[in-house]
2 protein chains.
Amino acid sequence: MNIGEASKLSGLPPKTIRYYEDTGLIAPPARAENGYRNYTDTDVHKLRFVRHSRGLGFSVDECSQLLSLYEDKDRQSGDVKAIAQKHLTEIDEKIKELQELRSTLHHLVNTCHGDGRPDCPILEGLADPASVQ
Amino acid sequence: MNIGEASKLSGLPPKTIRYYEDTGLIAPPARAENGYRNYTDTDVHKLRFVRHSRGLGFSVDECSQLLSLYEDKDRQSGDVKAIAQKHLTEIDEKIKELQELRSTLHHLVNTCHGDGRPDCPILEGLADPASVQ
DNA sequence: CTTGCCCTTCCAGCAACTGGAAGCTTATAT
DNA sequence: ATATAAGCTTCCAGTTGCTGGAAGGGCAAG
């Protein structure tokens with residue numbers, strides 16, 4: 001099938017599929033006589049795998065490792081779990097970071113009148129965070 | 001003062017300060033006779049403002065708007081609040097997104113033995129998310 | 001006078017795409 | 001049959017927010 005069809009089935013834009021090929025994340029597919037990329041169901045399967053991995057926030061590099069493990073029938077599930085566990089930890093850190101940031105921002109927003117007057121605790125807080133602590 | 005001193009006082013790396021100048025976020029400072037950038041306390045004050053704004057996750061473009069409002073003594077605090085409120089909403093969305101993603105990933109990680117055997121629910125979940133629902 | 005640090009500019013690269021141009025081929029409509 | 005549109009190809013550039021490095025000049029200490 002052409003890239004457009006593979007795109008529909010995998011849920012990845014054609015541009016992204018080509019990009020993944022360029023960067024080596026996915027192997028180049030066969031080519032038809034007219035030069036068009038020719039994808040198999042297996043190819044699409046892997047593209048879907050990558051889309052789901054990226055959707056869970058794995059980096060392209062991590063996706064590459066996961067895909068290798070997926071294709072290796074002698075893999076050790078511990079290797080997969082290690083990658084996932086590390087990513088989970090990073091997500092937890094990111095969430096924590098955002099929540100702290102949200103808390104500060106929420107406080108600032110709450111204390112600002114938000115009217116036509118110029119005095120603004122948000123700007124004061126940005127100029128000098130200590131002033132709102 | 002030179003850029004190194006401004007860097008220490010503002011908490012921004014010299015590279016970043018120059019970058020902010022290049023992109024128009026902050027106005028070019030005066031220059032000494034030897035061509036070195038010459039920062040005033042006011043300049044440093046604005047650099048700190050930008051660092052705090054960026055630290056709260058505002059984009060450089062939003063920082064630019066906030067800085068303009070900070071410098072405008074006839075500003076309306078409602079304009080500031082609108083920017084902050086919008087950003088807060090985006091943070092909330094981001095947190096929600098990450099939490100959902102975390103939940104899925106956590107579930108996958110928990111169901112994987114993580115040993116020397118090849119069977120792996122994580123890979124199965126990435127290949128076909130429906131299989132783990 | 002040389003060592004070493006600070007400053008200058010400019011160019012390149014990171015992640016992960018996305019948009020657009022120029023030029024094919026194929027499908028559809030008249 | 002032909003005109004047009006859609007889909008495919010490659011390649012280059014831009015996005016966001018820096019960061020690293022090279023090449024060269026300034027300046028103080030030993």
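Keep in mind that the numbers below use all heavy atoms, side chains included, and drop hydrogens, waters and symmetry copies. In what follows, chains carry the letters A, B, and so on, assigned in the order in which the sequence lines appear, proteins first and then strands, with residues in each chain numbered from 1.
- In this structure, CG in A:Leu105 is found 10.0 Å from CG in A:Asn110, a value given to the nearest 0.5 Å.
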Just distance, no hydrogens or angles: give the donor-acceptor pairs under 3.5 Å from side chains in residues 60-69 of chain A, sequence neighbours left out.
unit_1, atom_1, unit_2, atom_2, d
A:Asp61, OD2, A:Gln65, NE2, 3.0
A:Glu62, OE1, A:Ser59, N, 2.8
A:Glu62, OE1, A:Ser59, OG, 3.4
A:Ser68, OG, A:Ser64, O, 3.1

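- Using a 4.0 Å cutoff on non-hydrogen atoms, no part of residues 85-99 of chain A comes near DNA chain C.
- For the helix from C:dC1-D:dG30 to C:dT30-D:dA1, the rotation axes defined at the first and last 5 base pairs enclose an angle of 10°, given to the nearest 10°.
- Every pair passing ring pair (Phe, Tyr, Trp, His ring centres under 6.0 Å) that includes a residue from residues 59-83 of chain B is listed here, sequence neighbours excluded: B:Phe49-B:Tyr70.
- Atom C1' of nucleotide C:dT25 and atom CD1 of A:Ile3 are separated by 15 Å, given to the nearest angstrom.
- Distance A:Glu5 CD to D:dG7 P: 12 Å, rounded to the nearest Å.
- Across all their heavy atoms, A:Leu101 and B:Gly57 have their closest contact at CD1-N, 4.4 Å.
- Residue-level contact check: B:Asn2 touches the backbone only, with heavy atoms under 4.0 Å from sugar-phosphate atoms and none from bases.
- Separating the NZ atom in A:Lys73 from the CZ atom in A:Arg75 is a distance of 5.0 Å, to the nearest 0.5 Å.
- Residue pairs meeting the salt bridge (Lys or Arg N to Asp or Glu O under 4.0 Å) criterion with at least one partner in residues 39-53 of chain A, sequence neighbours excluded, are A:Lys46-A:Glu71.
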Indicate every side-chain donor-acceptor pair of residues 12-24 of chain A with a distance under 3.5 Å to a residue at least two apart or in another chain.
unit_1, atom_1, unit_2, atom_2, d
A:Glu21, OE1, A:Arg37, NE, 2.7
A:Thr23, OG1, A:Tyr19, O, 2.9
A:Thr23, OG1, A:Tyr20, O, 3.3

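- Between A:Leu56 and B:Leu108 there is a side-chain heavy-atom pair separated by less than 4.5 Å.
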Produce the list of close N/O pairs, under 3.5 Å, pairing protein atoms with atoms of nucleotides 27-29 of chain D; give distances to one decimal.
unit_1, atom_1, unit_2, atom_2, d
D:dC27, OP1, B:Asn34, ND2, 3.4

Below 3.5 Å, can you tabulate the donor-acceptor pairs from side chains in residues 118-131 of chain B to any protein atom, sequence neighbours excluded?
unit_1, atom_1, unit_2, atom_2, d
B:Asp128, OD1, B:Ala130, N, 3.3
B:Ser131, OG, B:Asp128, O, 2.7

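- In the hydrophobic clustering of ILVMFWY residues, with side-chain heavy atoms under 4.5 Å counting as a link, B:Tyr36 and B:Leu9 come out apart.
- Taking a 4.0 Å limit (strictly below) on heavy-atom distances, residues 13-33 of chain B reaches DNA chain D at B:Pro13, B:Lys15, B:Thr16, B:Tyr19, B:Tyr20.
- Put simply, the side chain of B:His52 does not reach to within 4.5 Å of the side chain of B:Arg54, judged on heavy atoms.
- Nearest heavy-atom pair, B:Asp72 versus B:Asp74, reported as atom, atom and distance to 0.1 Å: OD1-N, 2.8 Å.
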Result block: side-chain N/O donor-acceptor pairs under 3.5 angstrom for residues 90-99 of chain B, not counting sequence neighbours:
unit_1, atom_1, unit_2, atom_2, d
B:Glu90, OE2, B:Lys86, NZ, 3.2
B:Asp92, OD1, A:Arg102, NH1, 2.6
B:Asp92, OD2, A:Arg102, NH1, 2.8

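- Pairs passing the ring pair (Phe, Tyr, Trp, His ring centres under 6.0 Å) check and including a residue from residues 90-117 of chain A, sequence neighbours excluded, do not occur.
- Across every non-hydrogen atom of A:Asn38 and A:Pro29, the tightest pair is O-CB, 3.8 Å.
- We find that NZ of B:Lys8 is positioned 13 Å from P of C:dC5, with the value rounded to whole Å.
- Within residues 40-54 of chain B, the residues approaching DNA chain D are B:Arg54, by heavy-atom distance under 4.0 Å.
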